[in-house]
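From a predicted model like this one, the values you see are computed outputs, not experimental measurements.
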Amino acid sequence: MALRYDPFDPKFRTDPYPAYAELRTETPVAHHPAGAGQPEFWALTRFADVWDAVRDPATFSSAQGLTFFPDEIGSLGIPPTLVMLDPPVQTRLRGLIGRAFTPRRIAELEQRIRAFVKERIGELTERAAGGETPDLHQLFSAPIPVFVLADLLGVPESERASFTPWVAGLTAIQNDGFAIDVDQVSGQHAVGEMLGYFSEAITHRRSCTAHDDLISALVTTELDGAQLSDWDILGFCFVMVAGGSDTTASLISHAITLLTEAPAQREILLAEPTLIPSSVLEFLRLESSVQALARTTTRDVTLHDQTIPAGQKVMMVYGSANRDEAEFGRNADQLDVLRRPDRHLAFSSGPHFCIGSHAARLQATIALEELLAAHPRITAEAAAGERHDSYFVRAWKSLPCGDLSR
Ligand code: HEM
């Protein structure tokens, strides 16, 4: 059997979409044998298969980690967080967190996010006026989720200079870690410092009720008499920062690369900016920040005449599922800002459906509304940009932009 799901191949990582299309047609259950230092795993690439698998945690468990590496849990020296737990423990924890991390709390941030976005646009404009080719990702997309996370978690202005490198260290491990070129030592140092900072913040919030941030809400939240432990809160802070920064930043940057490639679609959005909130899901469908994460089979599973034995890592290839013609029609590979992709897998589905999806969508909506209003013809120079070289995420490191005049 030909093997075409090969995230170890740098060419595959650069443009996985042609391989995904072949896999969906010919090898929807692909087996990657162990060898040459690479682990054994499987990959599901069709929408319907990934959809069913992530909604069946009794068969496809998250409790052995989310990558194809066998021993990832504990590599950062921290216990598993809700994303690496199965129901019913995960359901209880998520229920408690959900009482504090509500869509309303996110919506309350709107004005502050908008003011920050405008300030960032000012910086881009100024640099372009000074003759520079500004970096859209570094100067605009990446700072937005860092600002929102710091704001949500109650990190005061005076301490944000430390917070930004912690986020960068953590996402470096997350995106390039385990095997590629990341400096694991400085990454782990950043994680250690961040966890220390949030441990102190949790202790402080338990004794002082004068704050109105998410950590304060988490320490007081209660469900059926149960409360969150320090570790539950710390683990949640960790997953928020790990899962909510580069993913959101890359969504914003990808929106501009996709609009640069499809000028007619840009015209539709410029003529009808009320389409921006729903177009955010379409950008994410086509360029899913999280391309693939693993589950582990708890029993033998037979699918399309292939049997995956119990105990095997199986990649849920969200990036492929989201371009499946069987779900999204013959133009699944094309941007269509009028599409309403209500059912897609960029935020997964089932028990682990992204708890930060409201926050991500709000940030991207505000960023695009303001950026397209200020610079309707802005282009992204993807060929001059640089991506994280990751097995699991599709994320920019830098992305120069042009045409910042009206
Ligand atoms: C475009 C941006 C984002 C994308 C593409 C994204 C994607 C995802 C995906 C695919 C999962 C499921 C993981 C799995 O399959 O096991 C997930 C879970 C999660 N996400 Fe996001 N995410 C984004 C933004 C955010 C933000 C902004 C936050 C928080 C502020 C966040 C917090 C979380 C948490 C805590 C979970 C774990 C939920 C659970 O296990 O019950 N994410 N996200």
Side-chain angles (χ1 to χ4, degrees), residues 13-18 20-21 117 121 124 133-142 144-145 246-291 318-325 327-342 344-347 357 360-388 390 393-404:
R13 293 199 292 269
T14 306
D15 180 14
Y17 299 118
Y20 288 165
V117 162
I121 292 173
L124 281 180
T133 302
D135 189 323
L136 178 73
H137 192 76
Q138 293 283 329
L139 292 171
F140 182 71
S141 313
I144 296 170
D246 257 23
T247 47
T248 308
S250 291
L251 159 61
I252 298 167
S253 291
H254 273 129
I256 302 301
T257 60
L258 287 164
L259 289 177
T260 304
E261 287 161 11
Q265 295 290 311
R266 177 196 299 257
E267 294 313 317
I268 297 175
L269 277 193
L270 291 179
E272 194 46 84
T274 57
L275 290 171
I276 290 176
S278 58
S279 75
V280 161
L281 288 183
E282 173 68 351
F283 296 128
L284 200 52
R285 181 189 72 79
L286 266 184
E287 288 281 28
S288 300
S289 310
V290 179
Q291 286 283 299
Y318 298 133
S320 168
N322 279 335
R323 288 182 177 227
D324 190 340
E325 302 79 355
E327 178 70 19
F328 299 103
R330 282 172 51 200
N331 71 345
D333 249 339
Q334 286 157 25
L335 180 69
D336 175 1
V337 293
L338 297 174
R339 198 193 306 260
R340 304 256 165 177
D342 291 333
H344 69 86
L345 281 159
F347 292 122
S357 66
R361 291 174 64 176
L362 181 68
Q363 291 172 66
T365 298
I366 296 172
L368 294 175
E369 282 173 356
E370 297 296 338
L371 190 58
L372 290 176
H375 297 295
R377 308 283 158 217
I378 185 170
T379 52
E381 297 177 14
E386 190 190 354
R387 290 181 184 278
H388 282 283
S390 167
V393 298
R394 193 157 169 82
W396 289 102
K397 264 185 185 165
S398 72
L399 182 64
C401 64
D403 295 323
L404 270 82

With no hydrogens and no angle check, do the side chains of H375 and D403 hold a donor and an acceptor under 3.5 Å apart?
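No pair is found: no donor N or O on one side chain lies under 3.5 Å from an acceptor on the other.
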Which pair of heavy atoms, one from [X] and one from [Y], lies closest together, and at what distance?
{"X": "V290", "Y": "Y318", "result": "O-CB, 3.6 Å"}
{"X": "A360", "Y": "L251", "result": "O-CD2, 4.3 Å"}
{"X": "E272", "Y": "T274", "result": "OE2-OG1, 2.7 Å"}
{"X": "V337", "Y": "Q265", "result": "N-OE1, 2.7 Å"}
{"X": "L286", "Y": "A332", "result": "CD2-O, 3.6 Å"}
{"X": "R285", "Y": "N331", "result": "NH2-O, 4.5 Å"}

Measuring only between side-chain heavy atoms, which start at C-beta, is [X] closer than 4.5 Å to [Y]?
{"X": "L281", "Y": "R361", "value": "yes"}
{"X": "C401", "Y": "P134", "value": "yes"}
{"X": "S250", "Y": "T247", "value": "no"}
{"X": "L136", "Y": "L371", "value": "yes"}
{"X": "L335", "Y": "F283", "value": "yes"}
{"X": "T379", "Y": "I256", "value": "no"}

Output all residues satisfying ring-ring contact (aromatic ring centres under 6.0 Å, His included) with H254, sequence neighbours left out; order by chain, then residue number.
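Partners of H254 by the ring-ring contact (aromatic ring centres under 6.0 Å, His included) criterion, ordered by chain and then number, come out as W396.
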Between H344 (side chain) and A346 (backbone), is there a donor-acceptor pair under 3.5 Å?
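Side chain of H344 to backbone of A346: a pair is present.
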Would the distance check show the side chain of D135 and the main-chain N or O of L399 forming a donor-acceptor pair, the cut-off being under 3.5 Å?
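It does hold such a pair.
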Using side-chain contact (heavy atoms from CB on, under 4.5 Å), reason through E386 and K397 one step at a time and then give a plain yes or no.
CA-CA 5 Å; E386 190 190 354; K397 264 185 185 165; 3.8 Å; yes
Mind checking whether Y17 and Y20 have parallel, tilted or perpendicular rings, split at 30° and 60°?
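Taking Y20 first and then Y17, their aromatic rings stand perpendicular (interplane angle over 60°).
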Rounded to the nearest 0.5 Å, what separation is found between the [atom1] atom of [X] and the [atom2] atom of [Y]?
{"X": "R340", "Y": "S279", "atom1": "CZ", "atom2": "OG", "value": "9.5 Å"}
{"X": "L362", "Y": "I144", "atom1": "CG", "atom2": "CD1", "value": "11.0 Å"}
{"X": "D246", "Y": "H388", "atom1": "CG", "atom2": "NE2", "value": "4.0 Å"}
{"X": "L372", "Y": "L270", "atom1": "CG", "atom2": "CG", "value": "6.0 Å"}
{"X": "S398", "Y": "E381", "atom1": "OG", "atom2": "CD", "value": "11.0 Å"}
{"X": "R394", "Y": "Q291", "atom1": "CZ", "atom2": "CD", "value": "6.0 Å"}

Have a look at V117 and tell me which of E369, E370, Q363 forms a side chain to side chain contact (heavy atoms under 4.5 Å, CB included) with it.
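In the set E369, E370, Q363, the residue that makes a side chain to side chain contact (heavy atoms under 4.5 Å, CB included) with V117 is E370.
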Run the side-chain contact (heavy atoms from CB on, under 4.5 Å) check on L345 and S288 step by step: do they pass?
CA-CA 9 Å; L345 281 159; S288 300; over 6 Å; no
Under the side-chain contact (heavy atoms from CB on, under 4.5 Å) criterion, do I378 and R266 qualify, and how do the steps go?
CA-CA 10 Å; I378 185 170; R266 177 196 299 257; 4.2 Å; yes
Give the intermediate values and the outcome of side-chain contact (heavy atoms from CB on, under 4.5 Å) for residues L269 and L259.
CA-CA 9 Å; L269 277 193; L259 289 177; 4.1 Å; yes
Does the Lys NZ or Arg CZ of R323 fall within the cation-pi geometry relative to F328 - under 6.0 Å from the ring centre and within 45° of the axis?
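No, a cation-pi geometry is absent between R323 and F328.
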List for me each residue that meets side chain to side chain contact (heavy atoms under 4.5 Å, CB included) alongside L338, sequence neighbours excluded, and say none if there are none.
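L338 satisfies side chain to side chain contact (heavy atoms under 4.5 Å, CB included) with I268, L275, D336 only.
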State which residues pass side chain to side chain contact (heavy atoms under 4.5 Å, CB included) with A249; sequence neighbours excluded, sorted by chain then number.
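Result, side chain to side chain contact (heavy atoms under 4.5 Å, CB included) vs A249: H137, S141, A142, P145.
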Quick check: are there more than 12 heavy atoms from other residues, nucleotides or ligands sitting under 6.0 Å from CZ of R339?
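Yes.
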